[in-house]
Amino acid sequence: MQVATWNVNSLAVRLPQVLDWLAAHPVDALALQELKLTDDKFPLAAFEEAGYRAAAHGQKTYNGVAILSRAPLRDVVRNITGFDDEQARVISATLDTAEGPLRLVNGYFVNGQEPGSEKFAYKMRWLDALQAQLRAELAAHPRLVLVGDFNVAPEDRDSYDPEGLRETIHHTTAERDHFKALLQMGLTDAFRMFEQPEKSFSWWDYRMLGFQKNRGLRIDHILVSDALKPRVQACTIDRAPRKNKQPSDHAPVVVTLG
DNA sequence: ATGACCAGCAATGCTGGA
């Protein structure tokens with residue numbers, strides 16, 4: 001089976017591209033971020049016609065996440081339990097797949113703008129809360145996948161300019177330590193289980209010909225639990241949608257589980 | 001040297017993204 005993640009930067013604008021992509025890549029589940037729309041505007045019928053069930057957690061203008069799944073969804077949890085948050089950034093669900101239940105946690109991690117800022121402090125608090133949530137989720141659901149836009153480039157090789165951008169947003173030691181903490185609780189970065197091309201990125205700035213010059217970051221990730229790790233067969237970034245007219249600035253990431 | 005793009009909201013200029 002295949003699970004994918006994609007920050008679409010407005011589902012209202014990107015819906016046709018998402019449907020086109022699903023037609024070409026009929027993944028079993030797709031996690032979306034940055035819907036930028038309320039749940040009453042979520043295009044459920046269009047996804048159902050494409051063969052997917054869906055659970056969404058949206059808000060006006062900003063953020064918003066959703067899970068699409070061919071298999072039935074249950075036990076949907078919105079946001080982080082016990083963490084009071086105005087922003088719609090997390091949705092979790094159990095997928096009843098043919099291979100058994102799979103817990104999918106989909107996050108649109110806080111950007112954080114600039115180290116030292118109030119938004120960065122919120123990012124750190126949010127990451128602390130997410131860690132606690134994931135410990136509980138992992139204890140309850142050994143077969144777990146954490147996906148989304150992490151807004152963290154975990155290592156130097158995940159950035160087009162690791163020296164020039166050292167300790168700037170997405171590159172700080174504090175953010176990378178949070179990412180490492182996720183790995184230490186028994187999650188594995190599926191992309192790095194395989195040999196990958198150098199300068200593999202999942203996001204490119206709209207400005208400065210970022211994509212054309214491959215000046216990007218790898219900030220969209222798929223982490224698998226220990227129970228699922230032996231089943232991971234491939235993990236790739238699909239750069240093709242970034243070449244579309246009116247593209248999202250992010251590309252989809254896809255994991256194949258045996 | 002600087003800023004350069006895109007989306008939403010709302011009303012033309014701002015916020016936020018990364």
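Just so we're on the same page: letters track the sequence lines, and every chain starts at 1. Just so we're clear, the structure is a prediction, and the values are computed from it rather than from any experiment.
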Does the side chain of A:Y160 get closer than 4.0 angstrom to OP1 or OP2 of B:dA18 through an N or O atom? no

Is it the case that atom CD in A:E167 sees more than 12 heavy atoms from other parts of the structure closer than 6.0 Å? yes

Provide, to the nearest angstrom, the distance between the CZ atom belonging to A:R14 and the P atom belonging to B:dC5. 16 Å

Please report the distance, rounded to the nearest Å, between CD in A:E118 and P in B:dG16. 12 Å

Taking side chain as C-beta onward, heavy atoms only, is A:R166 less than 4.5 Å from A:H171? no

Of A:L11 and A:I219, the one whose closest DNA chain B nucleotide lies more 5': A:L11

Taking the same atom, P, in B:dC14 and in B:dA10, what whole-Å distance lies between them? 16 Å

With sequence neighbours left out, what residues match A:Q246 under side-chain hydrogen bond (donor to acceptor under 3.5 Å, both in side chains)? none

Is there a residue in residues 240-252 of chain A whose heavy atoms reach under 4.0 Å of DNA chain B, and which residues are they? A:Q246, A:H250

Any heavy-atom pair between the side chains of A:T236 and A:F194 that's under 4.5 Å? no

Kindly assign one of parallel, tilted or perpendicular to the pair A:F47 and A:F42, based on the angle between their ring planes and the thresholds 30° and 60°. tilted

What distance, rounded to whole Å, do you find between the two C1' atoms, one in B:dT2 and one in B:dT12? 23 Å

When rounded to whole Å, the CG to P distance for the pair A:N111 and B:dT15 reads 16 Å

Selection: residues 202-212 of chain A, any non-hydrogen atom under 4.0 Å of DNA chain B: A:W203, A:Y206, A:R207, A:M208

Tell me the interatomic distance from A:R215, atom CZ, to B:dG3, atom P, rounded to whole angstroms. 15 Å

For A:Y52, enumerate each residue passing the side-chain hydrogen bond (donor to acceptor under 3.5 Å, both in side chains) test, keeping only those at least two apart in sequence or located in another chain. A:R70

Please enumerate all residues that pass salt bridge (charged side-chain N to carboxylate O under 4.0 Å, His left out) together with A:R239, with sequence neighbours excluded. none

Distance, C1' atom - from B:dA18 to B:dA4, rounded to whole angstrom: 15 Å

Count the heavy atoms belonging to other residues, nucleotides or ligands that lie under 6.0 Å from CG of A:D84, then report whether that count exceeds 12. no

Taking salt bridge (charged side-chain N to carboxylate O under 4.0 Å, His left out) as the definition, give me every residue that meets it alongside A:R53, ordered by chain and number, with sequence neighbours left out. none

My understanding is that only residues two or more places apart in sequence, or in another chain, count here; which of them pass ring-ring contact (aromatic ring centres under 6.0 Å, His included) with A:Y62? none

When the C1' atoms of B:dA11 and B:dA7 are compared, how many Å lie between them, rounded to an integer? 16 Å

A:D149 near the nucleic acid: base, sugar-phosphate alone, or nothing, with a heavy-atom cut-off under 4.0 Å? sugar-phosphate

Can you tell which of B:dG17, B:dA7, B:dA18 lies closest to the side chain of A:N7? B:dA18

So which pairs with a foot in residues 103-112 of chain A pass side-chain hydrogen bond (donor to acceptor under 3.5 Å, both in side chains), sequence neighbours left out? A:Q33-A:N106, A:E34-A:Y108, A:T94-A:R103, A:R103-A:E137

Quick check: on DNA chain B, is the nucleotide nearest A:S10 upstream (toward 5') of the one nearest A:N63, or the reverse? Name the residue that is more 5'. A:S10

Specify the separation, in whole Å, of atom CZ of A:R89 and atom C1' of B:dG17. 10 Å

Please classify the nucleic acid contact of A:F201 as base, sugar-phosphate, or nothing, using heavy-atom distances under 4.0 Å. nothing

Protein-nucleotides 9-11 of chain B N/O pairs closer than 3.5 Å?
from  : atom 1 : to    : atom 2 : distance (Å)
B:dC9 : OP1    : A:T61 : OG1    : 3.0

Residues which pass ring-ring contact (aromatic ring centres under 6.0 Å, His included) with A:F109, listed by chain and number, not counting sequence neighbours: A:W126, A:F150

I'd like the P distance from B:dT15 over to B:dG3, given in whole Å. 16 Å

May I have the distance from A:L35 (atom CG) to B:dG17 (atom P), rounded to whole angstrom? 15 Å

For DNA chain B, find the residues of residues 163-180 of chain A with a heavy-atom distance under 4.0 Å and give them by number; none if there aren't any. A:H170

Partner set under side-chain hydrogen bond (donor to acceptor under 3.5 Å, both in side chains) for A:R89, not counting sequence neighbours: A:N63, A:Q87, A:Y122

Atom CD of A:Q59 and atom P of B:dG8: how far apart are they, to the nearest Å? 14 Å

Please say whether more than 12 non-hydrogen atoms of neighbouring residues, nucleotides or ligands are located less than 6.0 Å from CD in A:E114. no

Under 4.0 Å between a side-chain N/O of A:N9 and OP1 or OP2 of B:dC6, yes or no? no

Greater than 12 external heavy atoms within 6.0 Å of A:E86's CD: no

